[in-house]
Amino acid sequence: MTTHASTPEAGSASADDRRAVTGKRRIAFAVYLADAGELPGLQALLRSLALSNPALCEDVVVLHPGLPDAAFDAVHRLHPRLIARPAAGRHDVFRLDGYDTVIALTPALVVLGRIDPLLRLRTGVAAVPRTAPDGVPGPRHGFADDGLLVIQRQDLAHPVPPAAERDIPEGLLVPLDSRYDFRALRLGDDLAVPEEVVVLNFADVPMPGTGPAHAARARHDLDDQAFRAAYLALPGAKHPDLLLHLALPFPDGSRPPIDLVRQLAEIHRGRGHHDVAVALLGEAVADRPDLPRCHETLGVCLMALSRYEEAETHLLLATASPDFAPRAYGQLARLAWLLGRSEDARGYALAGLESDPTDANCRAWYARTSEMVAADATAPETPAGEQLAHVALFADGDENAGDKVLPEAVRSCFTADTGPGRWHQQHAHLLVDEAGLERLNARRAVIVGGGGLFLPDTAPNGNSGWQWNIPDDVLARITAPLAVFAVGYNVFDGQRYRRERFAASLQALVERSAFFGLRNHGSVARVRELLPASLREKVRYQPCPTTVARHLDARLAGTAVREDTVLVNCAYDRAGLRFGHDYGHFLAEMAAAIRAMSAAAEVRYAAHMPADERFVDDLRREHGLALPVEPLYLLSNDAIRDLYRRTRLVIGMRGHAGMIPFGCGTPVISLVSHPKLAYFLADIDRSDWGVSVHERALGARLAERALAVLADHPAAVADVHDRQRMLWSVTRDNLALLRELTGLPDPFGDPDRGADAVVPAPRSVADRDRPTRPRNHA
């Protein structure tokens with residue numbers, strides 16, 4: 001088997017880093033080596049860490065007095081995220097730039113158990129208190145200088161970092177249980193290592209009389225081949241970075257287990273490296289039709305590369321197994337739908353239901369394609385030249401409520417009629433082939449947007465590298481006026497993706513577009529980074545139209561009658577990127593905030609899709625709190641807007657759980673787990689309306705902000721209206737340009753430019769001495 005899959009990721013595939021925007025914690029292990037003689041101890045430490053915590057892989061910063069780079073060759077083979085830095089001494093663990101939490105270790109330690117609780121610590125400097133053998137307290141009130149430390153660097157933010165443990169302010173010291181730094185010195189007379197010990201410390205330990213302790217350490221004195229084999233043989237979850245690093249390259253002349261090959265392919269698939277996954281699986285399944293699970297994965301990866309004919313072949317092979325047939329048929333239905341073969345898609349979905357009548361994916365595809373066939377039969381006979389083409393995500397069924405509201409909001413910027421008579425709908429994920437190109441060119445103009453279409457891993461394709469499935473040569477032959485309207489750059493903080501195909505497609509799109517507007521200045525900046533200088537000024541700011549709904553729909557412009565409710569929303573797609581190691585902290589802080597807010601209003605939960613309801617389940621199980629659920633994914637667009645308009649405050653993690661209620665005139669607080677939420681708040685000069693999900697005092701800050709909004713609700717609503725005026729002014733100016741492009745009349749008439757074009761007034765305009773309106777009106 002070839003080893004090309006082990007090639008390190010290029011800089012173009014590095015993780016997106018927006019911690020400054022999201023507040024996400026960055027965690028590192030740090031180990032100081034006094035000299036080269038401690039390298040074997042470091043290697044044993046790293047092996048023990050991987051074997052006892054196989055799903056954990058954070059940066060390991062090795063501090064050293066100036067050892068040559070070659071000294072670390074053997075250590076690099078043990079860990080994929082090892083960084084060697086010269087240092088003056090161990091005290092440099094207190095000044096590691098770029099990290100929020102530092103877990104300081106020593107080469108005298110081995111890790112025997114799970115250390116997840118250490119990564120969840122949030123305050124001070126934690127260590128195990130020490131006492132001397134005679135029971136007399138050790139230095140610094142029992143904290144020694146040669147053990148494990150968990151350092152929260154924000155608590156050491158004074159000008160001069162500590163020079164040693166003894167210089168840490170006493171008020172910052174947090175005691176840890178002894179199992180996290182257990183001294184092997186306590187195991188004289190050959191005492192056994194207690195089962196609960198997590199970290200065993202061999203500092204100053206003589207060999208005689210500590211046989212069991214040394215045996216525990218000796219288990220990690222393995223050569224590379226034995227270590228790799230031991231790691232790969234572990235049951236349960238493994239961290240993708242660590243698994244790839246220790247599995248690849250495959251030993252020469254060996255044939256790796258097929259399940260391992262499939263696991264590695266799934267990792268590459270998850271990172272958007274579908275070509276690498278195809279190379280791995282293609283070689284593994286050659287002449288092996290009896291591997292349905294691998295054929296399914298291979299088919300999905302080929303589909304992501306837009307190699308549709310090959311993908312269909314492998315997915316059909318996967319249907320031979322009753323265990324995998326429903327999943328494979330669901331993927332075949334999606335593939336046929338992508339290619340515009342609605343009848344075939346419905347047939348594949350029906351075959352999947354015959355294999356398993358309970359399969360939700362096949363049922364959803366059968367419903368969608370049946371509706372498409374029916375809609376095609378009753379499509380209005382409007383001349384193509386009188387229509388606009390709209391390329392977007394069009395959600396249906398139980399899909400994201402925000403993606404249902406958004407397309408209608410985009411269309412309402414251009415025409416009062418947002419239905420099929422005026423608009424030709426082109427789902428962004430459908431392949432634009434020659435027939436599709438002809439349909440687009442027959443329209444008055446092509447509007448692409450809105451939504452976070454610049455995202456690499458939602459319905460990936462090899463044609464563009466983002467969500468519109470259009471080859472460059474087809475894009476170049478669009479003759480109808482093309483406008484990109486309120487699209488967002490939606491890459492997650494910490495997400496890895498390859499930029500080459502996306503950047504090339506993006507450049508072609510900007511060159512071809514007559515108007516190119518992105519929905520926040522953060523997206524504008526990120527996209528400009530990927531463009532040549534000659535094209536950067538074409539990228540302009542166009543707010544998401546959901547944020548100006550009151551100006552688009554006269555029914556929303558009046559005074560709202562509100563209920564005494566607060567709506568909360570959370571999101572769980574890519575939960576690891578959203579929460580990191582802080583989900584337990586987030587849940588506990590949210591429970592505290594909800595209890596505090598409940599004294600002023602009823603707290604309810606707004607689920608944009610079924611997966612969002614995990615928050616309600618976790619909150620009830622972990623903290624005994626039950627919230628009523630509003631399933632927005634089951635509501636019409638008018639009902640969604642009405643629900644958000646009737647409440648007094650929305651606290652949301654999804655982008656449109658903030659933008660839709662804001663557009664309806666409702667105050668919002670954003671739970672920032674994705675850069676786009678912070679970008680929107682920065683655009684309206686209200687960054688304090690957001691709280692990071694990683695915020696140490698999340699519960700207190702959220703409750704304080706929410707209660708302030710509820711206490712002076714009319715002022716909060718007036719502030720929202722002020723913010724909207726700026727967004728509407730920008731939108732009106734852009735729509736004036738677009739009317740030249742489309743030749744359509746202005747659906748809003750001539751605005752009062754004196755009223756709508758002003759920059760929003762500061763919050764101080766809300767006169768707190770004026771009479772307040774009744775509590776349930778705003």
Side-chain angles (χ1 to χ4, degrees), residues 24-32 41-63 75 78-83 90 93-94 96 99-130 143-144 146-153 165 173-184 186 193-203 213 216-217 219-220 227 230-231 234-243 245-246 576 579-585 588 694:
K24 186 175 181 180
R25 275 196 309 151
R26 188 171 179 188
I27 300 173
F29 296 100
V31 186
Y32 177 71
L42 172 63
Q43 294 176 56
L45 170 63
L46 293 179
R47 295 188 199 103
S48 71
L49 182 61
L51 294 176
S52 57
N53 293 265
L56 178 65
C57 188
E58 303 292 340
D59 286 0
V60 176
V61 181
V62 179
L63 304 173
V75 185
L78 304 178
H79 200 281
R81 294 169 62 176
L82 188 133
I83 303 163
R90 174 174 158 92
V93 299
F94 295 108
L96 285 187
Y99 299 100
D100 304 292
T101 298
V102 176
I103 302 177
L105 306 172
T106 79
L109 303 178
V110 290
V111 181
L112 305 181
R114 298 288 296 274
I115 61 171
D116 306 71
L118 300 181
L119 279 71
R120 294 195 288 266
L121 295 175
R122 299 299 305 266
T123 59
V125 178
V128 174
R130 306 288 184 219
F143 288 86
D146 58 357
L148 176 145
L149 298 171
V150 183
I151 303 163
Q152 309 301 332
R153 295 195 67 242
E165 283 84 333
L173 292 171
V174 177
L176 283 178
D177 188 277
S178 64
R179 67 179 180 271
Y180 292 111
D181 191 359
F182 193 92
R183 295 276 164 156
R186 298 172 57 185
V193 179
E195 291 185 2
E196 68 272 14
V197 169
V198 175
V199 179
L200 192 56
N201 191 329
F202 285 86
R217 182 183 180 87
R219 291 200 302 268
H220 303 101
F227 170 55
Y231 181 82
L234 291 171
K238 299 178 180 67
H239 194 282
D241 287 352
L242 202 50
L243 180 57
H245 188 75
L246 297 180
F579 300 110
H581 296 284
D582 291 339
Y583 180 63
H585 167 79
H694 307 278

Of all heavy-atom pairs linking A213 and L200, the shortest is O-CD2, 4.1 Å
Over all heavy atoms of both residues, which pair between F182 and P194 is shortest? Give the atoms and the distance, please. CZ-CG, 4.1 Å
Walk me through it: do T101 and R120 pass the test side chain to side chain contact (heavy atoms under 4.5 Å, CB included)? CA-CA 9 Å; T101 298; R120 294 195 288 266; over 6 Å; no
L82 and L46: side chain to side chain contact (heavy atoms under 4.5 Å, CB included), yes or no, with the steps? CA-CA 10 Å; L82 188 133; L46 293 179; 3.7 Å; yes
Pairs satisfying salt bridge (charged side-chain N to carboxylate O under 4.0 Å, His left out), at least one member in residues 45-56, at least two apart: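 Applying salt bridge (charged side-chain N to carboxylate O under 4.0 Å, His left out) to every pair that reaches into residues 45-56, excluding sequence neighbours, yields nothing.
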N/O donor-acceptor pair under 3.5 Å between [X] side chain and [Y] backbone:
X: R25; Y: H694; result: no
X: D59; Y: I83; result: no
X: Q152; Y: A126; result: no
X: R81; Y: C57; result: yes

Assess whether salt bridge (charged side-chain N to carboxylate O under 4.0 Å, His left out) is satisfied between R122 and D100, documenting all intermediate values. CA-CA 10 Å; R122 299 299 305 266; D100 304 292; over 6 Å; no
Can you measure from OG1 (T106) to CG (L148) and round to the nearest 0.5 angstrom?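 Going from the OG1 atom of T106 to the CG atom of L148 covers 8.5 Å.
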By side chain to side chain donor-acceptor pair (under 3.5 Å), H581 pairs with (sequence neighbours left out) E58
Y180 pairs by side chain to side chain contact (heavy atoms under 4.5 Å, CB included) with which of V150, N201, V197, L118? L118
